[in-house]
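Below you'll find the structure, written out as structure tokens, and then a few comments.
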Protein chains: 2
Amino acid sequence: MEIAVDTFFLKPDAQGTLQAQIQEMVAEGILSGRFRIGEKLPSSRRLAVHLGVSRITVTLALTELVASDYLISKGRSGYFVSETAPVPPSYVPPRPSHDTMDWESAIARKFTGGDTPHRPQNWYEYRYPFIYGQADGALFDHTNWRQCALRALGHREFSKLANDQFDQDDPMLVEYIARHSLPRRGISARPEEILITVGAQNALWLAAQVLLSPDRRAAFEDPTYYALRDQLVNTGCALSPICIDKDGLPPDLIPASSDVIFVTPSHQSPTTINMPKERRKALLERARDINAVIVEDDYEFEMSFLKPPAPALKSLDDSGRVVYVGSFSKSLFPGLRLGYLVGPEPFIRQARALRANVLRHPPGHVQRTVAYFLSLGHYDAQIRRMAKVLHARRIALEDGIAQNGLKIAGGGLYGGSALWMQAPDGTHMGEVAQALRQDSVLIEPGAPFFAHHNRRQEFYRLGYSSLEANLIAPGLAHLARAIEKFSPR
Amino acid sequence: MEIAVDTFFLKPDAQGTLQAQIQEMVAEGILSGRFRIGEKLPSSRRLAVHLGVSRITVTLALTELVASDYLISKGRSGYFVSETAPVPPSYVPPRPSHDTMDWESAIARKFTGGDTPHRPQNWYEYRYPFIYGQADGALFDHTNWRQCALRALGHREFSKLANDQFDQDDPMLVEYIARHSLPRRGISARPEEILITVGAQNALWLAAQVLLSPDRRAAFEDPTYYALRDQLVNTGCALSPICIDKDGLPPDLIPASSDVIFVTPSHQSPTTINMPKERRKALLERARDINAVIVEDDYEFEMSFLKPPAPALKSLDDSGRVVYVGSFSKSLFPGLRLGYLVGPEPFIRQARALRANVLRHPPGHVQRTVAYFLSLGHYDAQIRRMAKVLHARRIALEDGIAQNGLKIAGGGLYGGSALWMQAPDGTHMGEVAQALRQDSVLIEPGAPFFAHHNRRQEFYRLGYSSLEANLIAPGLAHLARAIEKFSPR
């Protein structure tokens, strides 16, 4: 590849002759790793025109660089970075000379330091990755996905999908959600009541921003999904984490001053508890009594291979107070980042305006690819295939758990892709998880899911969507040994 | 397509016999448009198992529906929605029975009512769309883009791209930006100083959120990009719009209490003014004197076909106080939604944490597709092709403007894809724009770019990236006639 001529600049305040400046510029490019061995320099003519200097000056500079082994000349083909030029290990540009800015005080709001734990980026290199929510490439329908992507990239679609949609969504995707996805959850919604988001987390964030402010109160499950808690903290609202019981969030414990209730009735996150119908009704009644909005995160309802899923909480709601969060990222792959928000029009209008302000809209081609994948039936086929495989893994997992004397704390009555587990009292699962890495085992300690004052150390989550059934038993054997070792006697 | 069995639910509080409930359920699905003519119903056996009722009950219900013309029975093939079934015009689900929630008071923060003007969704159906920032499908390298997309969707890449990247970006894309894109602007940056965003607007939003709060002050150009002003308003900070002069933002007018200065030095948005080097130095000095951060939006620098672009403001910054916003969405297509933020590590760390909280990361495949398109040289070729075409259109536009006696207010010394125009004093360009729609002409009135107290009605913007050169003259003739008609005499 030829180095682009427009990456060359004479510094306005540089010292020395023009020739020396050009030599320095090229040498610095090589020394910093920006130009690599074998790369071709622009011709002396183009370089001269671009820099506004005479061609002879450029030629003299390049000749000097050949003499000092930075470049080689290949006659008419031009100048190339020499094979014997000094090479840095990788491209590390120099720090600016005088970093005089005090960034500590320039930053008005901090967003680091939340509860979201660090996970190794290379988790897929572990042999036993009992982690949650990642995709298994072997289960994905690559062929049909690629065909849908190609169709969405076709000429005919370009003008509509490639353009700035301002605050609009792909009508084909919205219609599919209204006609097919939501009816499966017992929900009816018109297109104006649906907003496409950059993943379910983005949907939760939008809901929190529209519904909360420092003078409002959010009630939410404890334990809960840590990223949701980070989002609530960032709104500055009052926080009421509420300990769940065996049926999920207990309505009686929700403070009367709550404005918004965040809940995961289908599979409580992270415990996988399914909220029974009576509890759902009581929750809706409590919300009506205290005039609160409910935000229902209905993640992973499709992975119901043990028995059919109960309808969504929103399907029971006849007062129009439930906002519903759905996702395709989990069932297709999380890197897709596509979810949706369903709610009454006045709410969706605000969420749409905020989304437009923050990022305009999710990429058009991604929306259309999913719309094709859904409407051609590939999505349903994929879900069936995944459910079958997850079912087999679930059986292997429960067998292994029984054999190793481990304890399930949360069952996942309908299926799902993880179990919530409990080690003997006093076991610090953060330490166990750390130790297990050397056995190539990854598990998720439960502590970050709990509110700060209530960090239980003995819980952990076992995801089974990213490792094959035959690896589950040996992985659990490692786990059981580690828990044994770290448990107090 | 067969209607999925799991879209059928018996309502918990329904009246009547089970058979009647099933009939109602199917009839309602047809009447609401959810089930369409010719669609197949699930078999009576599956429906019975799913609903937990006897098969004979289901069969009786379906037979009734055949009798009443909703369904037809095709013997062993099963039941289908009849061709003579009543059909609604389109799918309009019923509103919930009792919408008792007071959403006006449930919404804590409003985001509607900003300055961003409404643009017709079907702009591409207009014959003379003088609008800004949309893609011309005819100029896009579809073939290579599709190949890059397919490569990014390949099996080998799946495990890395399909997964949740938490807060990470595609290293291949980041490296390309560091080694190739930024050096063209005279900027050196390490990967930790770069963050990929969901378009340039998302980059500006992240910067505003990290750097501003109600006790801070933002200085920005007047006129300016309206979506930026909406973002600043949403932070609750103090606002100082500053009237630009012929060289762009005048540093002397920036209040000493400003914490952040938002500026578009390469092409002032919307006037396309290029800030001269002396003014840039003065701006950096002013920022240093008052200890402010500068956010530089370097949009569209690649479209410099008249002369080479000046280096970015950030390239002159030796105190590390400039945050830089770049974009691929404009040069490829805006529906792509991909941009980036470059700044010192402490700033990028906060912006990254906020992005992770709001949406985790931009879709992995989109990032990798762009990385391939860039690194294989397709992007540069595309830019050259676009620059050539835009140059021809620019000539046609300037010719037409001269012939029709229209007045250019902002030139765009380096190129660009729009001109800033001025009608005679007292002309209300909002009204002119409205009237021009019936001639199939779209232009952008300038008023929404100005701060509220200073809404100039006689300015407008002419974009030339979305219509062919030979359409420019006839479009301008319409425009000139309309201005003539609406100008006060």
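Below, chains carry the letters A, B, ... as their sequence lines are ordered, and counting in each starts from 1. Just so it is clear, the values below take in all heavy atoms, side chains as well, and ignore hydrogens, waters and symmetry mates.
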Donor-acceptor pair, distance only, cut-off 3.5 Å: does the side chain of [X] make one with the backbone of [Y]?
| X | Y | value |
| --- | --- | --- |
| B:Arg216 | A:Ala106 | yes |
| B:Gln231 | A:Val358 | no |
| B:Arg179 | A:Arg34 | yes |
| A:Gln201 | B:Ala356 | yes |

Identify which part of [X] has an atom lying under 4.5 Å from any heavy atom of chain B, answering side chain, backbone, both or neither.
| X | answer |
| --- | --- |
| A:Thr197 | neither |
| A:Val293 | both |
| A:Leu211 | both |
| A:Val323 | side chain |

Heavy atoms, side chains only, cut-off 4.5 Å: are [X] and [Y] in contact?
| X | Y | result |
| --- | --- | --- |
| A:Asn291 | B:Met101 | yes |
| A:His142 | B:Leu153 | no |
| A:Thr7 | B:His180 | no |
| A:Phe111 | B:Val210 | yes |
| B:Leu359 | A:Arg337 | no |

Parallel, tilted or perpendicular: which fits the ring planes of A:Trp103 and B:Phe347, with parallel below 30° and perpendicular above 60°?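 Rings of A:Trp103 and B:Phe347: tilted, as their planes differ by 30° to 60°.
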Residue selection (most heavy-atom pairs with chain B, distance under 4.5 Å) from A:Asn122, A:Leu212, A:Thr116: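 Greatest number of close heavy-atom pairs with chain B: A:Leu212.
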[atom1] of [X] to [atom2] of [Y]: how many Å apart, nearest 0.5 Å?
| X | Y | atom1 | atom2 | answer |
| --- | --- | --- | --- | --- |
| B:Gln350 | A:Ile107 | CD | CD1 | 5.0 Å |
| B:Arg355 | A:Asn202 | CZ | CG | 12.0 Å |
| A:Leu354 | B:Trp205 | CG | CH2 | 7.0 Å |
| A:His365 | B:Thr369 | NE2 | OG1 | 10.5 Å |

Which bit of [X] comes within less than 4.5 Å of chain A, counting heavy atoms only: side chain, backbone, both or neither?
| X | value |
| --- | --- |
| B:Leu336 | backbone |
| B:Asn234 | side chain |
| B:Phe8 | neither |
| B:Glu104 | neither |

With B:Arg184 via side chain to side chain donor-acceptor pair (under 3.5 Å) - residues at least two apart: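 Only A:Asp6, B:Asp380 meet the side chain to side chain donor-acceptor pair (under 3.5 Å) criterion with B:Arg184.
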Can you list the residues that meet the salt bridge (charged side-chain N to carboxylate O under 4.0 Å, His left out) rule with A:Arg280, with sequence neighbours excluded?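 So A:Arg280 forms no salt bridge (charged side-chain N to carboxylate O under 4.0 Å, His left out) with any residue.
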Most chain A-contacting option - heavy-atom pairs closer than 4.5 Å, from B:Ala200, B:Pro311, B:Pro346: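 It is B:Pro311.
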Against chain A, work out which of B:Gly113, B:Ser315, B:Gly133, B:Gly186 has the most heavy-atom pairs shorter than 4.5 Å and name it.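 Most heavy-atom pairs under 4.5 Å with chain A: B:Gly186.
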Over all heavy atoms of both residues, which pair between B:Ser213 and A:Arg109 is shortest? Give the atoms and the distance, please.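 Closest heavy-atom pair between B:Ser213 and A:Arg109: CB-CG, 4.4 Å.
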Do you know which two heavy atoms are closest between B:Asn357 and A:Ala227, and how far apart they sit?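 In terms of heavy atoms, the two residues are closest at ND2-O, 3.7 Å.
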